[in-house]
Amino acid sequence: MGSTREVDEPKMQVIVLGCGGGPREDNTTAFLVRSTATKWARGSLLAVDAGTHLAAITRILEKHLPAKNPHDADELPHTLTEGPFKGLKIPNFSASANAGYIIRTIVDAYLITHPHLDHISGFVINTSSLPGLAQNASLDCQHIFNNVIWPNLSDENNGAGLVTYMRLVEGGSPAMGDGEGKGYMEICEGLSVKTWSVSHGHCIEKHSHRGSNAGLPEGSPRLGPTSFSQMERSTRSSSGRILSPADVLRTDPFDRVCVYDSSAYFIRDIASGREVLIFGDVEPDSISLSPRNKQVWSEAAPKIVAGQLGAIFIECSYDDSRSEDTLFGHLAPRYLIEELKSLVAQVHAYNGRAKEKKKRKRVSERNELRQRSTRTSLSKDSPVSPLTRTSRRSFEFEVPQADGIEEQSDGAAAASQELTMRGQGELLLKGVKVVVIHTKEKLDDGPAIGDLILQELLDWESEEQLGCEFYRAEVLGMRCTFRESLWSPWVVVLSMGLA
Ligand SMILES: Nc1ncnc2c1ncn2[C@@H]1O[C@@H]2COP(=O)(O)O[C@H]2[C@H]1O
């Protein structure tokens, strides 16, 4: 039997370097993720977004470096005994030199959810001051490394070759990985990743220069997998007919809307199979012109049922006082809850399918037994071949109709409908940790935005009974910290200020 210590040992660590969505530039979105099994090996840190990066790492180290005699080289290398980098062997005295060591040696790749400045500025600025840094970035930086906004430090278009782009296959490549890790791409020592595109609002101009509409022919706005008829929100045409957002688009084939692409990453600890899900900026499916979150929830559902998903990091930029027309591709608590209800629906549907599969298996085993005994008796006294009698058709006829959810053509949609009717999540997300990120400060004297959003989420939760636990980060001076530290059996999340 495994010891309790073994069970409680975190398998993954997420260090929150920045958790805000602006306007403050010192707390913009940035994480470091690692598999604890790698024990701080070379190339074992994955940066997910890097709105802030080197500066935040330096600040953490300043707080946790030992008091030392700067001339006593015998003290080096030193193993850190506290803070988010606890256990890391550092080769230098100063916080600055050690931060440089971390990003040159331990950080192996940068997963960028989308190339907006609050998610990339640290990465871009750090690259210029670190000659020799060659990193994989899942970012098409051509708009940044274009010799106008920033020198082309990439290895494309005659660039300096400090950054290598890596383009991930949406939904994972079937050629990658084995077994449960199939489709996942190894991204750094100990971690693999699967990515899904999600939508982050749309450009004010009507064109398709980038984002999910790019490359589509004139007048063909790309619609996501969810049909617009499922949307709750709608507008009224001059004739009084209710128009969905898709209809609005279709009324003028030359009006095309450019949807900003963002990403959701399932990051997997290769050693244990545990995962965390980290979203970039994202808007709710219900008001999106290219709703794609449902696909992510569908992928998450079985992992939740299997207890494999440690935490979901998702944005909630505004509180519920924000109107729909000023969300600019973000979530507020009412929409985050709506999305989590969509996840509940997927869990419901998954459970239904699993139940049906089990039932079918049982029935098929029973039938098999029955047929065997029939075959035995037929073979004794019937001229008809037992094989003829056990044809596929007669077999199918004998399978009784399974009840409930499996009769629906789309289990998730049915479950969703049911949820809307009942308004209850049946605590199906019990134990799921939802970490709220990318909150935007209001710059007023009112309560901290994190407090406001968390309270609203808790109010929604008591109404909807989804079962998830909410955590949020807040800005305290130069630091962000969690009001409660998040420690699940396999994920430890440490933010800047936390020991
Ligand atoms: N049409 C708009 N009018 C005013 N502000 C906007 C508009 N679109 C986007 N923004 C702001 O620009 C910000 C860019 O980063 P974010 O997506 O985090 O949040 C966005 C909004 O705060």
Side-chain angles (χ1 to χ4, degrees), residues 16-31 48-53 56 111-125 139-141 143-144 149-150 197-213 233 235 245 248-249 255-265 278-293 313-336 339 435-444 446 448-450 452-453 472-475 480:
V16 182
L17 298 178
C19 57
R24 280 181 65 146
E25 72 280 15
D26 57 355
N27 183 40
T28 39
T29 310
F31 308 95
V48 180
D49 281 343
T52 178
H53 190 58
L111 277 180
I112 305 295
T113 59
H114 65 296
H116 278 177
L117 284 178
D118 54 326
H119 297 254
I120 63 165
S121 57
F123 165 71
V124 173
I125 294 170
L139 153 74
D140 192 343
C141 265
H143 300 291
I144 300 290
I149 291 178
W150 203 250
S197 292
V198 293
S199 298
H200 172 30
H202 56 270
C203 182
I204 346 176
E205 291 179 56
K206 285 178 177 154
H207 55 177
S208 60
H209 59 90
R210 56 175 180 265
S212 62
N213 289 50
R233 248 150 289 275
T235 50
V248 174
L249 278 178
D255 271 4
R256 286 167 301 142
V257 177
C258 157
V259 175
Y260 294 126
D261 280 337
S262 178
S263 316
Y265 296 123
I278 302 184
F279 277 84
D281 294 359
V282 64
E283 66 183 346
D285 269 358
S286 62
I287 59 172
S288 177
L289 295 176
S290 177
R292 293 177 276 180
N293 298 334
F313 290 73
I314 188 162
E315 74 132 278
C316 192
S317 295
Y318 303 111
D319 65 83
D320 269 337
S321 67
R322 193 84 178 181
S323 64
E324 183 187 312
D325 59 338
T326 55
L327 282 176
F328 306 131
H330 293 288
L331 299 176
R334 61 190 184 280
Y335 293 106
L336 175 51
E339 286 301 325
V435 183
V436 169
I437 53 174
H438 203 271
T439 50
K440 287 175 179 284
E441 301 101 71
K442 291 174 117 174
L443 307 181
D444 61 18
I449 184 71
L452 220 55
I453 288 174
R472 58 97 179 81
E474 64 178 325
V475 181
C480 72

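Order of listing sets the numbers, starting from 1, for every ligand and every atom in it. None of these values were measured; they are calculated from a predicted model. Scope of the values below: all heavy atoms of this structure, side chains included, with no hydrogens, waters or symmetry mates.
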Please could you name the atoms of ligand 1 that [X] approaches to less than 4.0 Å, counting only its heavy atoms?
X    : result
H200 : 17 (O)
Y318 : 22 (O)
D281 : 17 (O), 18 (O)
H438 : 18 (O)
H330 : 16 (P), 17 (O), 18 (O), 19 (O)

(request) Check each of H438, H330, H119 against H200 using the ring pair (Phe, Tyr, Trp, His ring centres under 6.0 Å) test, and report the only one that passes. (result) H330
(message) How long is the straight-line distance from SG of C19 back to CD1 of I437, given to the nearest 0.5 Å?
(response) 8.5 Å
(message) Within this structure, what is the CG-OG1 distance for the pair N27 and T439, rounded to the nearest 0.5 Å?
(response) 7.5 Å
Got a donor-acceptor contact below 3.5 angstrom from the [X] side chain to the [Y] backbone?
X    : Y    : value
Y265 : I112 : yes
S199 : S290 : yes
S262 : D281 : yes

(request) Identify, for atom 18 (O) of ligand 1, the protein heavy atom at the shortest distance, and state residue, atom and that distance. (result) K440 NZ, 2.8 Å
(request) Look at atom 1 (N) of ligand 1 and say which protein heavy atom is nearest, naming residue and atom and giving the distance to 0.1 Å. (result) F328 CE2, 3.4 Å
(message) Please tell me if atom 12 (O) of ligand 1 is touched by the protein, where touching means a protein heavy-atom distance below 4.0 Å.
(response) no
(request) Using the salt bridge (charged side-chain N to carboxylate O under 4.0 Å, His left out) rule, pick out the option among R334, K442, K440, R472 that qualifies with D319. (result) K442
(request) Tell me which part of L117 gets within contact of ligand 1: side chain, backbone, both or neither, using heavy atoms under 4.0 Å. (result) neither
(message) Heavy-atom pairs closer than 4.0 Å: do any link ligand 1 to the side chain of D118, the backbone, both, or neither?
(response) side chain
